[in-house]
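Just so you know, these numbers use all the heavy atoms, side chains as well, and skip hydrogens, waters and symmetry mates. In what follows, every chain begins at residue 1, and chains take the letters A, B, ... in the order their sequences are listed.
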Amino acid sequence: MKQQLEELLQNAVERLKSEGVLAADTTVIIKLDRTKNKDHGDLACNIAMMLAKAAKMPPRALAEKIIAAMPENDIVSQCDIAGPGFINIFFNEEAASAIIKTILDEKDDFGKNNSGGGEKVQVEFVSANPTGPLHIGHGRGAAVGDSLCRLLAATGWDVTPEFYYNDAGVQIHTLTVSVTARAQGLKPGDEAWPEDAGYLGEYIADVATAFLNKETVEAADMKVTASGDVEDTDSIRTFAVAYLRQEQDRDLKAFAVEFDVYFLESSLYEEGKVEAAVQQMIANGKTYEKDGALWLKTTDYGDDKDRVMRKSDGGYTYFVPDVAYHLDKWQRGFTRVINEQGADHHSTITRVRAGLQALEQDIPEGWPDYVLHQMVMVMKGGEEVKLSKRAGSYLTLRDLIDEVGRDATRYFLVSRRPDAQLTFDIDLAKSQSNDNPVYYIQYAHARVCAVERKLAEQGIAFELDKTDLSVLNEDTEKALLKTLAHYPQMISAAATKLEPHTVATYLKELASDYHSYYNAHKVLVDDAIIRNARIALGLATKQVLKNGLDVLGVSAPERM
RNA sequence: GCGCUAGUAGCUCAACUGGAUAGAGCAUCGCCCUUCUAAGGCGAGGGUUGAAGGUUCGAGUCCUUCCUGGCGUACCA
C-alpha cells in the first residue's frame, strides 16, 4: 500500500519535472510517515516542504501541484494540505481493509521481506566462557541476539548464530585449579585452598563431585567422560569445561535459544591461525617491539594509544585471538557480521577492527558491526539485588526462568533499547496482572482464540470469501487496521536498525488497539456481514500478534 | 583527564533514522462485567525532553559547550 503510494507520488514529481515546475535534476526520496492523529489521514508526506526551496515556491502551493499531478488511482480517497505543507493522504475503505486478506493469505510470512537478498550474515552472541552458569547479563545478550537473528531471517538474510568461547586461557586454568581443590575435599577459606583457585561458588563443588563419580557430560559440541582421578589435570579441565557447557546449553534450551556453530578459541591456536595473524601484522609493518613486548600500532586506526599484542612473558593479550577469530569469520564468507556483547567489552571494538585493518585483507573499515547491551539491574521486593560472584549472591539465568517464566524473562530483556541500562523488576515480571506487558499482549491473542472457540461452539460458519471487509468503519476498527498495516515496515525498520525492542513496543500498541476494539464492539453479532468482517479482523490481529511474538521468542497461548 | 553511552510525567519506558498538539503503562482520582475471558476498557490530572547556545520551514532526535549517571580507559578476559 505504502509502496503503491510512493510510486504515485514519484509519478507526480516526474510529471512536474516535465512541466518545468521542478528542475529536471531534482532528486527526491519519497518519504511517507504514519500519522499520529487520525485527522491527518493514514499517511503523511513532507515532500512539498522538502522541495519548496528548490522549486522557489511556497510549500503549500507546491503541495497543491503535486496532488493535482498524481495519477488516477483507486486507493486514495482524499488528499489534504495541512500545517506548513504536509500532504495528508486518506485511504478509501476497500484499500484499508485489504490488509486483512493479505495477512490471512501470507500467514506466518506476513511482514517478511527479502531485503537481505539471501546474503550471509553471522551473529555472534552470548559467547560466555565455560567457567560458570549463565547470569542475567548473558540472558540479555541471548534475548537480544536471538531476536536479532529472527529479525534478520525475516528480512531475507541467511543467518548463522554463533557462540564463541574461551576453553584454554587463564580463566580455564583458574577453573581447573578450583575444581581440583574441591575434588580434594577443600573449601574456600581452608588454609590449603590454592591462591589461584579463584572460583568460589558452590557450583564448582558440583562439578568436582560429578568428576569423582566419573560421570559423562554432553554439550552441543562435545561429550566427555570424567576419569575420576584427582591427579589427572587434563581430564579435570576438559570435564569441567564440558560440564559447564552442558549447564549453559540447558539454560539456553530453556530459553529457546539455539546456535548453529560453537567456536572454540583453542582451535585458533591449534590451527596456527593466531600465529599466522600475528606474522601477517608484523610483515605489514604494523607492529614494533618495546619493553620486551610486541605492540600493534592501533593508533593508526583511531585508538588513543598503541596496544600490547604479545606480553613480555610470551603470551598474547586477549584481543589477538579475537582478531584471528574475526579474520576466520571473514574467510568463511561472512561479509556481514554482527557481534552482540556486553558494553563492558566495548574497548575491544577499536582493537579488533584495527587488527583486521593491519592484516590488509581488504576488509571494510567498519567491519564487523556491534550491538552492545548495557548492564541489567535486578530489583526484587523494591530493592536492588546485588550480583557478585564472590559474595555468592549470584542470580543465574535459570533461576530467573524458573521464577518468572521464559516468556516474561525474554520479553523484559528484549523490551528496552540495548544501549540503555535495564532494570529487571522480578516482582513485575512475575505479576499476573495488568501491569505486566507480556500477559497484556498474550491476552489479546488468547481473546481472539476465545472468540474462535465460541464461534465453533455456536456452529456459526465463517467464510472469508463472502465477507465485505469495507464495513469495518468504526474508529477502533480503523485504528486496528492501520496498526496491522504498519507491521511490515516496523519489522523492516527493527531489522535495519538492529533494534528488536521496537517489536516489543509495537506489540503493546497492537494489543492495546485490539483490547479497545474488543471492549467497544461485540464480534459475534447477528448481522452476518459485520460478524464475518470482524472475525476476519480478529484473525488477522491474532496472526500479526503471533508473528511478532515469534520474533521475540515469546509464545502465543490460545488460552490463559 | 580521555573515549563510548545514556539523561523524556512521581516511577518504568516509547517516540516510526528531522515532522504537526512529546505518547503508553504503573501509581493517584472517577466510571464500565445479566453481553465473545475484567490478566480488559473509558475518562481526569500529571512535562521548560538535564542546562545553554547553534543548524532550518520544523529539533527529544543533528552540531558545540557544560552538568549528572553507567561502562571502558591493563604486558586481565
Side-chain angles (χ1 to χ4, degrees), chain A residues 31 33-37 39-40 44-46 49-50 52-53 58-59 82-86 88 129 131 166 169-171 265 290-295 302-305 307-319 321-322 342-350 372 374-375 377 379 415-417 419-423 425 428 431-440 442-444 446-455 457-458 476 486 489-490 492-494 496-497 499 501-502 504-506 508-509 511-512 514-525 534-535 538 559-560:
Chain A
K31 196 168 160 260
D33 285 314
R34 192 159 52 114
T35 56
K36 288 175 187 161
N37 185 329
D39 295 336
H40 296 152
C45 187
N46 63 357
M49 289 177 287
M50 304 287 286
K53 207 169 233 178
F86 288 102
N88 290 334
N129 283 338
T131 56
N166 171 335
V170 180
Q171 290 181 68
E265 184 183 8
K290 194 181 91 180
D291 303 332
L294 182 69
W295 298 68
D303 206 351
D304 50 0
K305 59 180 170 185
R307 305 291 169 175
V308 169
M309 293 173 63
R310 190 173 58 224
K311 298 179 274 184
S312 51
D313 70 4
Y316 290 117
T317 54
Y318 64 90
F319 84 93
D322 239 28
D344 53 338
H345 289 107
H346 78 241
S347 61
T348 67
I349 296 176
T350 312
L372 302 180
Q374 288 286 341
M375 303 278 117
M377 191 179 81
M379 298 286 287
S415 64
R416 305 284 178 248
R417 292 170 41 211
D419 54 5
Q421 288 170 61
L422 170 70
T423 302
D425 187 332
L428 175 63
S431 75
Q432 302 209 334
S433 71
N434 47 359
D435 37 348
N436 192 331
V438 189
Y439 291 106
Y440 184 80
Q442 292 181 322
Y443 185 44
R447 270 185 149 173
V448 181
C449 295
V451 175
E452 276 187 276
R453 282 194 297 271
K454 194 78 183 176
L455 185 70
E457 265 174 41
Q458 297 181 356
T476 48
H486 181 239
Q489 290 157 247
M490 183 281 298
S492 166
T496 307
K497 293 163 78 176
E499 290 186 341
H501 77 279
T502 316
T505 307
Y506 170 86
K508 267 198 291 189
E509 208 179 301
S512 169
Y514 187 74
H515 286 310
S516 291
Y517 169 55
Y518 182 92
N519 240 268
H521 302 288
K522 192 170 161 128
V523 175
L524 300 178
V525 291
R534 287 182 177 173
I535 293 168
R559 336 171 162 255
M560 291 174 74

A77(B) phosphate, OP1 or OP2, under 4.0 Å from K311(A) side-chain N/O: yes
Starting at CE of M375(A) and ending at P of U5(B), how long is that distance when rounded to a whole Å? 16 Å
Classify the nucleic acid contact of R307(A) as base, sugar-phosphate or nothing, counting any heavy atom under 4.0 Å across all strands shown. sugar-phosphate
Touch class at under 4.0 angstrom, heavy-atom based, for A444(A) against every strand present: nothing
A6(B) to U17(B) separation - P atoms, rounded to the nearest Å: 16 Å
L428(A) CG to C11(B) P: how many Å, rounded? 16 Å
May I ask you to say what K454(A) touches in the nucleic acid, namely base, sugar-phosphate or nothing, with a heavy-atom cut-off under 4.0 Å? sugar-phosphate
Closest to the M49(A) side chain: C57(B), U73(B), C76(B)? C57(B)
Let me know the distance between CD of Q374(A) and P of C13(B), rounded to the nearest Å. 12 Å
Contact class for D39(A) (heavy atom, under 4.0 Å): base, sugar-phosphate, or nothing? nothing
Give a yes/no on whether any side-chain N or O of R417(A) is located under 4.0 angstrom from OP1 or OP2 of A6(B). yes
Is Y440(A) near enough to G41(B) that one of its side-chain N or O atoms lies under 4.0 angstrom from OP1 or OP2? yes
Assign A450(A) to base, sugar-phosphate, or nothing according to its heavy-atom contacts below 4.0 angstrom with the strands shown. base
In terms of side-chain heavy atoms of V170(A), which of G3(B), A77(B), C16(B) is nearest? A77(B)
Kindly say if K36(A) contacts the phosphate of A20(B), meaning a side-chain N or O under 4.0 Å from OP1 or OP2. yes
Taking U28(B) as the reference, what is the distance to G23(B) when you measure between their P atoms (whole Å, please)? 24 Å
Consider the side chain of T317(A), meaning its heavy atoms from C-beta on, and name the nucleotide among C16(B), C76(B), A14(B) that approaches it most closely. C76(B)
Residues that S492(A) engages under side-chain hydrogen bond (donor to acceptor under 3.5 Å, both in side chains), provided they are two or more places apart: none
Relative to its sugar, using the 90° cut-off around 0, the base of C62(B) is anti
Can you check whether any acceptor in the base of G72(B) is under 3.5 Å from a donor in the side chain of H345(A), or vice versa? no
Kindly say if T423(A) contacts the phosphate of C13(B), meaning a side-chain N or O under 4.0 Å from OP1 or OP2. yes
In whole angstrom, give me the gap between the C1' atoms of G10(B) and G47(B). 12 Å
Polar pair under 3.5 Å, donor/acceptor by atom type, side chain N46(A), base G19(B): yes
Interatomic distance where CD belongs to Q421(A) and P belongs to A14(B) [whole Å]: 12 Å
If you go through the side-chain atoms of D322(A), does one of them form a donor-acceptor pair with the base of A77(B) closer than 3.5 Å? no
With a 4.5 Å cut-off on side-chain heavy atoms, are F86(A) and P59(A) touching? no
Of the non-hydrogen atoms in P321(A) and E265(A), which two are nearest, and what is the gap between them? CG-OE2, 3.2 Å
Need to verify one output field. Residue with the more 5' nearest nucleotide on RNA chain B, K497(A) or N129(A)? K497(A)
Are the ring of Y518(A) and the base ring of G40(B) both nearer than 5.5 Å at their centres and tilted by less than 30°? no
Quiz item: Y318(A) side-chain donor-acceptor pair to A77(B) base, under 3.5 Å: yes
Could you tell me whether M50(A) atom CE has more than 12 heavy atoms of other residues or ligands within 6.0 Å of it? no
Check every strand shown and say whether D291(A) touches a base, only sugar-phosphate, or nothing at a heavy-atom separation below 4.0 Å. base
Any donor-acceptor N/O pair, R559(A) side chain to A450(A) backbone, under 3.5 Å: no
The salt bridge (charged side-chain N to carboxylate O under 4.0 Å, His left out) partners of D344(A) (sequence neighbours excluded) come to none
Provide the distance between the two P atoms, one in A59(B) and one in U49(B), to the nearest whole Å. 12 Å
SB check E509(A) R34(A) (cutoff 4.0 Å): yes
Re A44(B): Watson-Crick or G-U wobble partner, both distances kept under 3.5 Å, found to be U28(B)
Using the P atom in both, what is the distance from U12(B) to A77(B), to the nearest Å? 37 Å
Would one find a side-chain N or O of S516(A) under 4.0 angstrom from OP1 or OP2 of C42(B)? yes
Does the side chain of H501(A) get closer than 4.0 angstrom to OP1 or OP2 of A15(B) through an N or O atom? yes
Can you see if the side chain of R447(A) gets near the phosphate of A39(B) - specifically, an N or O under 4.0 Å from OP1 or OP2? no
Can you find an N or O donor on one side and an acceptor on the other, under 3.5 Å apart, linking the side chain of R34(A) with the base of C16(B)? yes
Nearest-Å distance once atom P is located in both G25(B) and G45(B): 14 Å
Any strand, both distances under 3.5 Å, Watson-Crick or G-U wobble: C13(B) pairs with G23(B)
Within the 4.0 Å heavy-atom criterion, would you say H515(A) contacts the bases, only the backbone, or no part of the nucleic acid? sugar-phosphate
Under 4.0 angstrom between K508(A) side-chain N/O and A14(B) OP1 or OP2: no
With a 4.5 Å cut-off on side-chain heavy atoms, are Q442(A) and M560(A) touching? yes
Do you know the tightest heavy-atom contact between V308(A) and F319(A)? O-CE2, 3.4 Å
Presence of donor-acceptor pair under 3.5 Å, side chain of N519(A) and base of G40(B): yes
Which part of the nucleic acid, if any, lies within contact of A52(A), taking any heavy atom under 4.0 Å across all strands shown: a base, the sugar-phosphate backbone alone, or nothing? nothing
Can you tell me how far P of U21(B) sits from NE2 of H40(A), to the nearest Å? 8 Å
Under a 3.5 Å limit on both distances, the Watson-Crick or wobble mate of C71(B) is G3(B)
Which residue lies toward the 5' end of RNA chain B, C449(A) or D419(A), if each is placed at its nearest nucleotide? D419(A)
Side-chain N or O of K31(A) versus OP1/OP2 of G19(B): is the shortest distance under 4.0 Å? yes
Please determine whether a side-chain nitrogen of the Lys or Arg among D304(A) and R307(A) lies less than 4.0 Å from a carboxylate oxygen of the Asp or Glu. yes
When the C1' atoms of C32(B) and G50(B) are considered, how many whole Å apart are they? 41 Å
Considering only atom C1', compute the distance from C33(B) to U21(B) and round it to an integer number of Å. 35 Å
Remember a base hit wins even if backbone is also touched, and classify A446(A) as base, sugar-phosphate or nothing at under 4.0 Å, heavy atoms. base
Pairing partner of U64(B) (Watson-Crick or G-U wobble, both distances under 3.5 Å): A52(B)
I'd like to know if S312(A) reaches the base of C75(B) with its side chain, counting only an N/O donor and acceptor under 3.5 Å. yes
Nearest-Å distance for atom pair CD/P, residues E499(A) and C16(B): 9 Å
So what does T502(A) touch, heavy atoms closer than 4.0 Å: a base, only the sugar-phosphate, or nothing? nothing
Of the candidate nucleotides U21(B), A20(B), G3(B), which contains the atom at the shortest distance from the side chain of N37(A)? U21(B)
